[in-house]
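All remarks here apply to the structure that follows.
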Amino acid sequence: MSRARVARRIAAGAAYGGGGIGLLGAAAVGVLLAEVRLAKRSVGGGVAPLPPAADGLYGRGYDGGAEPLRLALLGDSTAAGQGVRRAGQTPGALLASGLAAVAESPVELRNVALPGARSDDLERQVTLLLAHPGRVPDVCVIMIGANDVTHRMSATQSVRYLATAVRRLRTAGAEVVVGTCPDLGTIEPVYQPLRWLARRVSRQLAAAQTIVVVEQGGRTVSLGDLLGPEFAANPREMFGADNYHPSAEGYATAAMAMLPTLCAVLDVWPEEERLEADRREGMLPVAKAAAEAVEEAGTEVTGARAPWALLKHRRRRRLPSVQDPAPLPDAHP
């Protein structure tokens with residue numbers, strides 16, 4: 001069965017209350033989980049530091065008295081920035097600084113991501129963000145999925161939790177950009193055939209995530225293919241001390257891929273919104289767009305006229321240098 005059809009079945013099961021439509025048998029996932037845990041313990045001998053706090057105000061030089069843009073990050077350790085030691089190296093800080101530079105506006109960052117989180121933790125994270133109705137984020141970035149795979153959460157449950165989170169945020173008035181499940185086949189000590197199996201599972205989940213996010217009015221950016229060839233070709237630079245979480249260079253690569261979509265959803269991206277045939281951009285059925293997106297780095301999928309979606313390959317922009325964030329006078333506890 002094609003990846004597009006499997007992803008559509010998973011999304012349909014999530015929407016209509018189906019049971020646990022999985023991507024692998026329990027035994028295979030159990031072996032994969034054991035391999036990933038072994039990778040985290042034994043390779044490189046390193047331990048990823050706790051993610052540094054990066055909340056605060058970025059782009060202070062653009063402050064002209066207007067309200068800053070509000071950016072929030074949700075998800076797991078990748079969204080939190082585990083694996084680096086400085087706040088400016090986290091994806092939240094990189095995206096906030098990049099957004100501030102493009103929009104020429106200060107950006108207020110709040111990160112509620114939790115290392116080790118699975119998609120069922122998104123309900124708690126969304127509740128935290130929406131606890132202050134007058135401070136709903138303008139845009140939310142979600143990065144989730146790897147722990148769902150390694151902890152044997154069914155794909156149907158995983159995307160159902162994600163769809164609910166996106167729907168709540170969109171209903172509250174926030175734009176949503178989801179970095180889909182990364183390619184677990186890039187973890188160095190996971191050997192064949194499990195490396196192939198991990199890649200297949202994580203990409204299938206990413207495609208299903210894309211379908212439900214687009215259906216709820218969000219946009220997705222594929223991280224799987226981005227973290228695949230670039231991380232595989234340069235693992236010592238792209239992975240952190242534990243050879244599992246990204247390094248500063250890895251997070252910067254992912255942030256550069258997501259920044260154009262983050263800016264476009266707020267209508268501050270300087271490029272025209274037109275399709276470029278030579279870049280294989282176009283309108284596709286949403287399931288086919290989702291399946292194709294996981295094959296190429298930084299591919300964006302956004303909803304168009306149901307059941308169609310728009311597939312775009314936005315050009316990346318170099319990130320500005322990141323200064324330490326300014327504390328907010330009314331910082332959240």
Side-chain angles (χ1 to χ4, degrees), residues 51-52 54 58-59 69 71-75 77-84 86-105 107 109 111 113 139-144 146 175-183 186 206 210 219-240 245-271 273 276 279-281 293-302 311-323 325:
Y58 293 80
L69 293 171
L71 166 65
L73 259 72
L74 307 87
S77 57
T78 306
Q82 189 165 12
V84 297
R86 290 172 33 218
Q89 297 172 327
T90 63
L94 293 165
L95 289 172
S97 296
L99 177 59
V102 175
E104 297 185 348
S105 166
V107 174
L109 172 66
N111 195 327
V139 60
C140 297
V141 173
I142 303 175
M143 302 168 74
I144 199 82
E175 300 288 351
V176 179
V177 176
V178 175
T180 54
C181 182
D183 185 351
T186 62
T210 295
R219 302 190 189 197
T220 63
V221 178
S222 169
L223 295 184
D225 187 61
L226 173 75
L227 305 184
E230 295 191 36
F231 275 46
N234 219 1
R236 297 303 176 188
E237 290 185 14
M238 302 301 277
F239 282 110
H245 293 96
S247 66
E249 291 81 3
Y251 281 128
T253 301
M256 280 193 293
M258 297 189 70
L259 178 62
T261 299
L262 180 64
C263 295
V265 80
L266 294 174
D267 293 324
V268 298
W269 190 239
E271 296 179 4
E273 289 286 338
E276 299 183 38
R279 293 171 61 83
R280 301 190 310 283
E281 298 181 339
V294 300
E295 298 295 339
E296 186 163 348
T299 304
E300 174 190 315
V301 180
T302 185
L311 192 78
K312 284 191 70 67
H313 304 293
R314 296 187 185 274
R315 292 178 173 84
R316 302 180 202 173
R317 170 169 291 199
R318 182 172 294 278
L319 297 168
S321 59
V322 182
Q323 297 180 338

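Please read all numbers here as calculations on a predicted model, not as lab measurements.
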Next on the checklist: Q89: which residues meet the side chain to side chain donor-acceptor pair (under 3.5 Å) condition with it, sequence neighbours left out?
Outcome noted: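 In terms of side chain to side chain donor-acceptor pair (under 3.5 Å), with neighbours along the sequence ignored, Q89 is linked to no residue.
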Rounded distance (nearest 0.5 Å) linking atom [atom1] of [X] with atom [atom2] of [Y]:
X: C140; Y: L73; atom1: SG; atom2: CG; answer: 8.5 Å
X: M143; Y: L74; atom1: CE; atom2: CG; answer: 11.5 Å
X: M258; Y: L99; atom1: CE; atom2: CG; answer: 12.0 Å

Backbone of [Y] reached by a side-chain donor or acceptor of [X] within 3.5 Å:
X: N111; Y: A79; result: yes
X: Y251; Y: Q82; result: yes
X: T299; Y: E295; result: no
X: E300; Y: H313; result: no
X: T302; Y: R219; result: no

Item to check | Results of side chain to side chain contact (heavy atoms under 4.5 Å, CB included) for A96 - residues two or more places apart only | outcome: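 Partners of A96 by the side chain to side chain contact (heavy atoms under 4.5 Å, CB included) criterion, ordered by chain and then number, come out as Y58, L71, V107, L109.
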Can you give me the closest heavy-atom contact between [X] and [Y], atom names plus distance?
X: P51; Y: G81; result: CB-C, 3.8 Å
X: V102; Y: P270; result: CG1-CD, 3.9 Å
X: G98; Y: L259; result: C-CD1, 3.7 Å
X: V177; Y: L262; result: CG2-CA, 4.3 Å
X: L94; Y: G88; result: CD2-O, 3.6 Å
X: P52; Y: A87; result: CG-N, 3.7 Å

Checklist entry - Can you list every side-chain hydrogen bond (donor to acceptor under 3.5 Å, both in side chains) pair that touches residues 92-103, not counting sequence neighbours? => result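 Output for this query is empty, none listed.
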Checklist entry - Are any non-hydrogen side-chain atoms of V265 and V139 less than 4.5 angstrom apart? => result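 Contact flag for V265/V139 side chains = yes.
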